[in-house]
Structure formats: C-alpha cells, structure tokens
Protein chains: 2
Amino acid sequence: MEAASGEDVCVKWSETLRVYHAASCELENELQARHGLGLSEFEVLQILSRCCGEGGGQAKMKDIEAEMYLSQSALSRTVTRLEKAGLVTRAACEFDRRANFLMLTPTGQERFDAAKPTHRGVLVKHLA
Amino acid sequence: MEAASGEDVCVKWSETLRVYHAASCELENELQARHGLGLSEFEVLQILSRCCGEGGGQAKMKDIEAEMYLSQSALSRTVTRLEKAGLVTRAACEFDRRANFLMLTPTGQERFDAAKPTHRGVLVKHLA
DNA sequence: TGACATCCAATGCACGCGCATGTAAATTCG
DNA sequence: CGAATTTACATGCGCGTGCATTGGATGTCA
C-alpha cells in the first residue's frame, strides 16, 4: 500500500504543479497588464483590504507576513514598491516603535477593487 | 451560483498555495541539503531518467521543456549547471544540428537514484 | 538557387526572491 | 538600573527566472 500511495502522490503533485503554474502565471500577467500590479503586490492589498474592512484598513507587517508565503525581506520590498506607487502608507506604531502599520490609501483601495474581478476571473478559469 | 463558485475557487486556491509552497520549499531545501540538487535540476534528471528507461536516457531540450514549467532560457541554464556538475552531457543531433540531445551520465543516474527517495518522501508528507 | 520565414538553443539584462546582516526598539534578568 | 537577548524592519548580496535578442541551422517557395 506504500507503493500505491506513492503513485498517488506523484499524480497529485503533477496536478498541483499544473494548476499552480497555469493560474499564477496568468494572474501575474493579467494583473500586470491590466492593473500594473504584481501578484504579491495584489495579495498585500487583498490582505489589507480584508483585514480591516472599509474604514482605513491597517495591519502590522508581521501580521501580513504571517498570511503570505513570502519572506520578511520580500514583503518589506513589496511594501516599498506599493508605497512608491502611492497605494499604501507606512505609519509608525505609537506603542511599539519597532512595528509599522500599513494603511491602504484611497488610490490603493481603488486599484484593488479594480483588479479584484481580474483576479477572481483567472481563478474561476483555472479552478472551476 | 456564480457567487458560490467564486467562493469555492478562493478556498481551493488558498489550499493550492498552501500545499504548493510547503511542498516545493521543503523539496528545494531537502534536495539541496542532502544531494546538492535544486528542484528544477532534479526534475530534469527525472525526465531524462524516465524518458528513455535505463539504456542511456536521452531527450531533446525541446521535449524536456514541454514537460516542465520552465522557460527555454531557464532550462538552458539549468542544463548548463547539470553539465558542469557532470550529471548530464549535451550531444549535437546528427540530423538536426539546431537540436541538442541530453544524456544522463552514470554519475547523474546515481545522484538521481539517491535523491528519488527524498523527493518521494516529501511528497508523501505533504500530499498523503 | 537565392531570399525569407521558422526553429533551436545560448546569452544580455532586469527583476523578485531568500539568506544573512545591520539598526533600532523593546524585553528579560541579575 | 544596566547588560544581554529578542523582536521588527530594512538592506547588501547572490541566485534563478522570464523576456528579448542573437546566431546558427532548417524549411519554404518562387
């Protein structure tokens, strides 16, 4: 039965690879072409948007890192890109000046809302 | 039902992300630590090994490219690394001198056979 | 046959990533 | 309190990837 389960995992893995690559490549391309966003940039916006409803979405770097499959350094640079693009602002935390709060700017919220259908469309196409 | 299917794909996608990242990171780390192989390098050896049984596994670059989720340039460099490591040899094709044949060296076959259990073990761990 | 399109593989280049390290702030403990 | 440890984030660095281009070989067609 070990051998049988071994066969299963290979098939399962190649299926996972197929779906993952197809979807993530098209996500990357579509988001970049239509909205000028990389996939991990979109994902940061998504977390920020979900994390704190409408008001003024804000979250700590560490919390975002915990929700993403991205190293601390990669997240830091991704946020830098988003900040330069004016989609996000960093704000020092009053009570722990090591930590940063991230906030969506209005423009950031707009761009995210605009990109959301593109994102969902690609997922439906590849996972439905 | 569109909305419902939309919800489904999000869950499905985050599940795919979770499994893919966990497995591919551990594959990368384990193969590197135990056998000095990157994941895409292992995958090339795997295709070569499967592609032509024992005799002297050989396949065209294009055929390998078609079986992998890797660009032509990335494959070219991956093969260069394998060649430098002595695990693979390039041989010009007699009938079409644009094409290259790839062949596993004995050392390459050995290294692949040694790494195979590591690879399968990680997959079982994450997909069983 | 000669001009042009197509195909295969290699390479220049820019980019995003992870690892290791640096800096500053907070926490722990003698 | 003060030194050592830990935590949060930024940054230097090397690496693997994809895109665009190049060079060489093949195919096509008038």
- Message: I need the CG-P distance between B:Leu39 and C:dG18, as an integer number of Å.
- Response: 15 Å

- Query: Closest to the B:Ser71 side chain: C:dA25, D:dC9, D:dG18?
  - Reply: D:dG18

- Message: Do B:Tyr69 and B:Ile64 land in one hydrophobic cluster if side-chain heavy atoms of ILVMFWY residues count as linked below 4.5 Å?
- Response: yes

- CE of B:Met61 versus P of C:dC7: gap in Å, rounded? 18 Å

- Message: When you measure from the side chain of A:Thr107 to the backbone of A:Leu87, do you find a donor-acceptor pair of N or O atoms at a distance under 3.5 Å?
- Response: no

- Would you say a side-chain N or O of B:Ser73 is under 4.0 Å from OP1 or OP2 of C:dA9? no

- Message: For B:Glu67, is there an ion pair with B:Arg50 - N to carboxylate O distance below 4.0 angstrom?
- Response: yes

- Euclidean distance, atom CG of residue B:Leu102 to atom C1' of C:dC8 [Å, nearest integer]: 13 Å

- Message: Using a strict threshold of under 4.0 Å (side-chain N to carboxylate O), is an ion pair present between A:Glu15 and A:Arg18?
- Response: yes

- Separation of A:Phe95 atom CZ from D:dA8 atom P, in whole Å? 17 Å

- Any N or O donor-acceptor pair linking the side chain of A:Arg98 to the base of D:dC9 at under 3.5 Å? no

- Query: Pick the nucleotide of DNA chain D nearest each of A:Asn100 and B:Leu70; which residue has the one closer to the 5' end?
  - Reply: A:Asn100

- Note on the structure: Rounded to whole Å, the CD-P distance (B:Gln32 to D:dG14) equals 17 Å

- Query: Is A:Lys60 salt-bridged to A:Glu65, cutoff N-O under 4.0 Å?
  - Reply: no

- Message: Using heavy-atom distances to pick each residue's nearest nucleotide on DNA chain C, tell me which of A:Tyr69 and A:Asp96 is more 5'.
- Response: A:Tyr69

- Message: Just the rounded figure in Å: distance from C1' of D:dT17 to CD of B:Glu28.
- Response: 12 Å

- Under 4.0 Å between a side-chain N or O of A:Asn29 and OP1 or OP2 of D:dG18? no

- Message: If I take atom CD1 in residue B:Ile64 and atom P in nucleotide C:dC8, what distance separates them, rounded to the nearest angstrom?
- Response: 14 Å

- Any donor-acceptor pair under 3.5 Å linking the side chain of B:Glu41 with the backbone of B:Gly38? yes

- Item | Short side-chain donor-acceptor distance under 3.5 Å, B:Arg81 and B:Thr78 | yes

- Assess whether one donor atom and one acceptor atom, taken from the side chain of A:Gln72 and the base of D:dA8, lie less than 3.5 Å apart. no

- Note on the structure: Under a 4.0 Å heavy-atom cutoff, the residues of residues 74-91 of chain B touching DNA chain D are B:Ala74, B:Arg77, B:Thr78, B:Arg81

- Spacing between A:Phe42 atom CZ and C:dG16 atom P, to the nearest angstrom: 18 Å

